[in-house]
Amino acid sequence: MSISNLSGSNSAPEFRPITPAMASAAAAVLGVGAKRLKVEKTKIHKIAKKFAEIAMSAGLTNNEEEFAEEMTNTIFNAYKDVEEKYAKENKG
């Protein structure tokens, strides 16, 4: 996995851990059948950290936190995309 540095500087991007306040604001709500499912970013991050440990032990990364953060963002953004698509389809 790679992370692009959008700031234009040559320094490594800064990664900040997810705080509880950020987590409460970071959730996707999806419809599953007749029920609504809330997917919290902190739950995704918890699982991603386990995958990062596996990736580290397999030699696929040398930075567990960066790997977990990128995986969290990728999965969460996919959920948000589905949420938006679902909202648009059910709007009209």
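Values in this document were obtained by computation on a predicted structure and should not be read as measured data. Values reported hereafter were calculated over all heavy atoms of this structure, with side chains retained and with hydrogens, waters and symmetry mates removed.
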Practice item. Find the distance between CG (L60) and CZ (F51) and round it off to the nearest 0.5 Å. Key: 12.5 Å

Review point. Looking only at heavy atoms, what is the nearest atom pair of I44 and Y79, with distance?
Key: CD1-CD1, 3.8 Å

Check your understanding: Does a side-chain heavy-atom distance below 4.5 Å link E40 with H45?
Key -> no

Check your understanding: Any side-chain heavy atom of K49 sitting closer than 4.5 Å to one from E64?
Key -> no

**Study point:** Note, V39 side chain near K43 side chain (heavy atom, < 4.5 Å)
**Key:** no

Study note, to complete from the structure: Between T72 and A48, the two heavy atoms sitting closest are OG1-CB, 3.4 Å

Check your understanding: Hey, does N63 have a side-chain heavy atom less than 4.5 Å from the side chain of E65?
Key -> yes

Check your understanding: Is M56 linked to F67 within one hydrophobic cluster, defined over Ile, Leu, Val, Met, Phe, Trp and Tyr using a side-chain heavy-atom separation of less than 4.5 Å?
Key -> no

Check your understanding: Taking the side chain as C-beta and beyond, is there a heavy-atom pair between M71 and I47 under 4.5 Å?
Key -> no

Check your understanding: Y86, I75: one ILVMFWY side-chain cluster at the under-4.5 Å cut-off?
Key -> no

**Study point:** Between CG on residue N73 and CD on residue E69, distance to nearest 0.5 Å
**Key:** 5.0 Å

